[in-house]
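Heads up: the structure comes next, in structure tokens.
Counting starts at 1 for both ligands and their atoms, in listed order. Position 1 is the first residue of the sequence, and the numbers go up from there. It should be emphasised that the depicted structure is a prediction, and the values quoted were computed from it without experimental measurement.
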Amino acid sequence: MKKYHLFTPGPTMVPGDVALAGAKDMIHHRTDQFKEIYVKCAEMLQELFVTKQRVLVLLGSGTAAMEGVVDAIVAPGEKMITFNGGKFGERWGKIGRQLGCDVHEVKYGWDDFASVDKLEKAIGECPDAVAVFTQLNETASGIKNPVRALGEVAHKHGMLIVVDGISGLTAMPCPMDEWELDVVMTGSQKGLMLPPGLAFIAQSDSAWEKVDGHKTRLFYNDLRAQRKSDGKDTHAWTSGVSLYQQLKVALEMILNEGLENVQHRCHIQGEAVRSAAKALGFSLLNEKSPGDVLTPILLPENVKAGEVAKYCRGHWGIYFAAGQDDYKDRITRIGHLGYQDHFETIMAVAAFEMAMKHFGVDIELGKGVKVAQEILMKDLEERY
Ligand SMILES: *Cc1c(COP(=O)(O)O)cnc(C)c1O
């Protein structure tokens, strides 16, 4: 018997109550019945984003929101600065070029982060960019970026700051209004504990002012159309009705636990996995700026991350992610976001240890588990 345990940084496990909500009878999306759900979700999404702005919900994966915002705030030929320290930072540049924008890309190693210094240099080289694009957490590397500080620099030069919080939001603090971020987005299948299929995006007044200066290149993901229908508490196109039923339940669960408690849980689980990996003698790819979404553990050269992932899922139903691109076989990524309790974190560490032993790495079984237990227990005793 094998259970299914997702420790991937998306999709994440879906709680039973959320899964059940998706099995309700279909209702029509242009009815008062649906509107009631829409309005409740809209309020709760503002709490999740910690913003007074409306949060638009798109039907699509997270990339739909990334594409929508580039279309909305960067006209063809206009300049945009993108940070590329991983697969998702790279995506900003790809979308920009596809939509005819003039992309100034800041590229750096995956063990590094989007620093204020790098931004100041980029602005010196590209002073007339209209916006700066980055990630709250780069999922390819587990690196956290200082988005608030980046926003301050961008604003000083009249640029907007756009934050892809697709994996980071919910797991890590990102209060949009307090940090004066112009655009924040997330997706359903990461910290929100939902199936894939919804993308969420909120924009500041300054970002919305920029939107109206040029024509859209998109039809389906045109944020102007979504804003217009949101004014009537409905979607421009057919709503993801079942996902919305699930969204309401998931948001209630998150807000009942308390956003800060959710973030603390992800943080302490991250601390446990990071410390366990180090106690076992491994280095982490994100040591310079660790985010709390996932831990990227660097493997010895003779061990392939793809094989580790295959071994764990094949024998135990435990899903770790390998790396991407140059790090494809070099890192095992262990997620600690979404619907994950402390004992699942201990299980992830135990499985990782056993896999390392299997692949001939000289480690002591239980050494990482012990460290993880100590951290989780200390937290329990301090908090309760
Ligand atoms: C997952 C992810 C995306 C892409 O989202 P999709 O839902 O796969 O379209 C973008 N950015 C980050 C940081 C992510 O983690």
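Between Tyr311 and His358, a ring centre-to-centre spacing shorter than 6.0 Å is recorded.
Cation-pi geometry between Lys118 and Phe83 is not satisfied (NZ or CZ under 6.0 Å from the ring centre, within 45° of the ring normal). For the pair Lys190 and Phe88, the cation-pi criterion (under 6.0 Å, within 45° of the ring axis) is fulfilled.
For the pair Lys288 (side chain) and Asp112 (backbone), a donor-acceptor distance under 3.5 Å is absent.
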Can you list every pair where an N/O of ligand 1 is under 3.5 Å from an N/O on the protein?
residue: ligand 1; atom: 7 (O); partner: Ser61; partner atom: OG; Å: 3.4
residue: ligand 1; atom: 7 (O); partner: Gly62; partner atom: N; Å: 2.8
residue: ligand 1; atom: 7 (O); partner: Gln189; partner atom: NE2; Å: 2.8
residue: ligand 1; atom: 9 (O); partner: Ser61; partner atom: OG; Å: 2.5
residue: ligand 1; atom: 9 (O); partner: Gly62; partner atom: N; Å: 3.2
residue: ligand 1; atom: 9 (O); partner: Thr63; partner atom: N; Å: 2.8
residue: ligand 1; atom: 9 (O); partner: Thr63; partner atom: OG1; Å: 2.5
residue: ligand 1; atom: 11 (N); partner: Asp164; partner atom: OD1; Å: 3.4
residue: ligand 1; atom: 11 (N); partner: Asp164; partner atom: OD2; Å: 2.6
residue: ligand 1; atom: 15 (O); partner: Thr139; partner atom: OG1; Å: 2.4
residue: ligand 1; atom: 15 (O); partner: Lys190; partner atom: NZ; Å: 2.7

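Enclosure of atom CD in Gln98 is not indicated, since only 12 or fewer non-hydrogen atoms of other residues, nucleotides or ligands lie within 6.0 angstrom.
Between Glu353 and Lys357 there is no salt bridge, since no side-chain N of the basic residue sits under 4.0 Å from a carboxylate O of the acidic one.
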